[in-house]
Amino acid sequence: QVQLVESGGGLVQVGGSLRLSCAASGRTLSTYAMGWFRQAPGKERECVAVISTSGAFTYYADFVTGRFTISRDNAQITVYLQMNSLKPEDTAVYYCNRVGTWGIFNALDSWGPGTAVTVSS
């Protein structure tokens, strides 16, 4: 089991930017696709972005395409989500997780505490 810790959330105004980080302990992430997910109050958790093991392939949900960028560092132990042009509807708790099947984007591990993002208008 991998323990994942998200950070970087906060309160930001509409149009602002945040960079989220996801650090792992217990196992290297280098052999896994990694994803960012989010859950807004009263809504189901949804997949936001996924990056392949090498970083060569990415997936973005339609609602963040062109605004968010997922990346991973060379040591493969941290995954980032750069969020630009934030909108009030981006307000949610953001989580990272290892991803199983590409295209299904199923999360493999228990969810961490997440990091809360609030976009104020």
Side-chain angles (χ1 to χ4, degrees):
Q1 186 79 338
V2 176
Q3 293 180 321
L4 301 162
V5 179
E6 304 88 351
S7 63
L11 175 64
V12 64
Q13 292 187 331
V14 170
S17 298
L18 284 173
R19 190 192 195 201
L20 306 183
S21 298
C22 170
S25 62
R27 187 180 299 180
T28 180
L29 302 178
S30 62
T31 57
Y32 296 93
M34 292 295 299
W36 282 96
F37 302 77
R38 71 185 187 185
Q39 187 168 23
K43 295 187 177 181
E44 296 286 323
R45 197 178 337 245
E46 57 189 355
C47 181
V48 175
V50 181
I51 188 166
S52 63
T53 53
S54 67
F57 301 100
T58 56
Y59 159 83
Y60 295 96
D62 289 343
F63 50 80
V64 302
T65 298
R67 300 188 298 122
F68 291 10
T69 302
I70 188 171
S71 61
R72 60 196 306 166
D73 70 1
N74 292 336
Q76 305 279 326
I77 59 173
T78 307
V79 181
Y80 304 99
L81 185 68
Q82 177 67 43
M83 306 188 298
N84 299 326
S85 302
L86 283 162
K87 304 176 181 180
E89 51 264 44
D90 294 319
T91 295
V93 178
Y94 285 73
Y95 305 86
C96 65
N97 212 311
R98 291 186 300 159
V99 170
T101 304
W102 192 271
I104 298 177
F105 305 132
N106 52 304
L108 296 178
D109 296 300
S110 300
W111 297 104
T115 185
V117 172
T118 303
V119 184
S120 64
S121 56

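Numbering starts at 1 and runs along the sequence shown.
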Check your understanding: So if you build clusters from Ile, Leu, Val, Met, Phe, Trp, Tyr with side-chain heavy-atom gaps below 4.5 Å, do Val99 and Val79 land together?
Key -> no
The reported gap from OG in Ser121 to CG in Leu86 (rounded to nearest 0.5 angstrom) is 13.0 Å
Taking every heavy atom of Thr91 against every heavy atom of Ala40, the minimum-distance pair comes out as O-CB, 3.6 Å
(message) Do Val14 and Met83 land in one hydrophobic cluster if side-chain heavy atoms of ILVMFWY residues count as linked below 4.5 Å?
(response) yes
Residue pairs passing the salt bridge (charged side-chain N to carboxylate O under 4.0 Å, His left out) test with at least one member in residues 40-62, sequence neighbours excluded, are Arg38-Glu46
Is it true that Tyr59 and Tyr80 fall in one hydrophobic cluster, defined by side-chain heavy atoms closer than 4.5 Å? no
**Asked** Does the side chain of Leu20 come within less than 4.5 Å of Glu6's, by heavy atoms?
**Response** no
Item checked: Val50/Phe57 under side chain to side chain contact (heavy atoms under 4.5 Å, CB included): CA gap, chis, key distance, verdict -> CA-CA 8 Å; Val50 181; Phe57 301 100; over 6 Å; no
To the nearest 0.5 Å, atom CD of Gln13 lies from atom OG1 of Thr118 at 13.0 Å
field: Under 3.5 Å donor-acceptor, Asp109 side chain and Asn97 backbone
entry: no
Side chain to side chain, Leu4 and Met34, heavy atoms closer than 4.5 Å | yes
Heavy-atom donor-acceptor pair, Arg72 side chain to Ser52 backbone, under 3.5 Å
yes
ask   = Do Trp36 and Leu18 belong to the same hydrophobic cluster, where Ile, Leu, Val, Met, Phe, Trp and Tyr are linked whenever their side-chain heavy atoms lie under 4.5 Å apart, directly or via other members?
value = yes
Across all chains, not counting sequence neighbours, the side chain to side chain donor-acceptor pair (under 3.5 Å) partners of Arg19 are none
Contacts of Tyr94 meeting ring-ring contact (aromatic ring centres under 6.0 Å, His included) (sequence neighbours excluded), chain-then-number -> none
Closest non-hydrogen atoms of Gly114 and Val93, given as atom of the first, atom of the second and distance, are CA-CG1, 3.9 Å
If you look only at distance, which donor and acceptor atoms sit under 3.5 Å apart when one is on a side chain in residues 63-71 and the other is two or more places apart or in another chain?
{"unit_1": "Thr65", "atom_1": "OG1", "unit_2": "Ala61", "atom_2": "O", "d": "3.0"}
{"unit_1": "Arg67", "atom_1": "NH1", "unit_2": "Ser85", "atom_2": "O", "d": "2.9"}
{"unit_1": "Arg67", "atom_1": "NH1", "unit_2": "Asp90", "atom_2": "OD2", "d": "2.7"}
{"unit_1": "Arg67", "atom_1": "NH2", "unit_2": "Phe63", "atom_2": "O", "d": "2.7"}
{"unit_1": "Arg67", "atom_1": "NH2", "unit_2": "Asp90", "atom_2": "OD1", "d": "3.0"}
{"unit_1": "Arg67", "atom_1": "NH2", "unit_2": "Asp90", "atom_2": "OD2", "d": "3.4"}

Correct closest heavy-atom pair for Thr78 and Ser21 would be CG2-CB, 4.4 Å
Interatomic distance, OH@Tyr60 vs SG@Cys47, rounded to 0.5 Å, equals 11.5 Å
Asn84 meets the side chain to side chain donor-acceptor pair (under 3.5 Å) criterion, sequence neighbours left out, with Ser17, Gln82
For Trp111, the ring-ring contact (aromatic ring centres under 6.0 Å, His included) test, sequence neighbours excluded, returns Phe37, Tyr95
